[in-house]
Amino acid sequence: MDAEALKQYIRDVPDFPKDGILFRDITPLLLEPKAMHGAAEALASPYRDLGIERVLGIESRGFLFGAPVAQQLGAGLVLVRKDGKLPWNTHRVRYELEYGVDTVEMHVDAVEEGQRVLIVDDLIATGGTAAATLELAHKAGAEVVACAFLIELAALGGRQQLDVPVHAVLEY
Ligand code: AMP
């Protein structure tokens, strides 16, 4: 399935989770195996020959795409989670939200110094979450090859926050 055809499986939900936000709902895509396969292919294909050793999936929808991408690339999957969810020792990065702060964490033994990693999430909006994850990867000594997203909300300029190559399958 070609990338643009995936858009028919993204549902637009106005005013969720609050007024003024147009939520891009990926759950219809999860219902369609061919679309999921196409999405994972499109996310993974630019990185097939780039020696990716770890894929960092960002909680929680980033896990859904990170897992098949890691499989396709023959890489290990790392869970990047919000504060307090991971059981083992973690690296942590705090970052600013529109209102308040949040924290991303990953296990200290999930990425080794110098490993080549790809960061994956379903969607980039302001780029705050991905920028914090990038900082987390650098804290662990990783070499971040790129960040890949299924969806980019281009008007928000999130990719400008990331000083590594950024790839988005679908742009809105
Ligand atoms: P940001 O840190 O602003 O780039 O936000 C990225 C995270 O928030 C992603 O993990 C998305 O899953 C979620 N997100 C932000 N805006 C939207 C939106 N309009 N529709 C769906 N998910 C969104």
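Nothing here was measured: the structure is a model prediction, and the numbers come from that model. Read the numbers this way: they start at 1 and go in the same order the structure lists the ligands and their atoms.
The line from CD1 of I58 to CE of M106 is 11.0 Å long, rounded to the nearest 0.5 Å. To the nearest 0.5 Å, atoms CD1 (I124) and CG (L150) are separated by 13.0 Å.
The residues lining ligand 1, counting any heavy atom closer than 4.0 Å, are L22, F23, R24, R61, D121, D122, L123, I124, A125, T126, G127, G128, T129, L153.
A cation-pi arrangement is present between K7 and Y172, with the terminal nitrogen or guanidinium carbon under 6.0 Å from the aromatic centre and inside a 45° cone about the axis.
Residues forming a side-chain hydrogen bond (donor to acceptor under 3.5 Å, both in side chains) with D83 (at least two apart in sequence, or on another chain): R92. The side-chain hydrogen bond (donor to acceptor under 3.5 Å, both in side chains) check on R94 picks up nothing, with sequence neighbours excluded.
Residue pairs that meet the side-chain hydrogen bond (donor to acceptor under 3.5 Å, both in side chains) test with at least one member in residues 118-138, sequence neighbours left out, are R61-D122.
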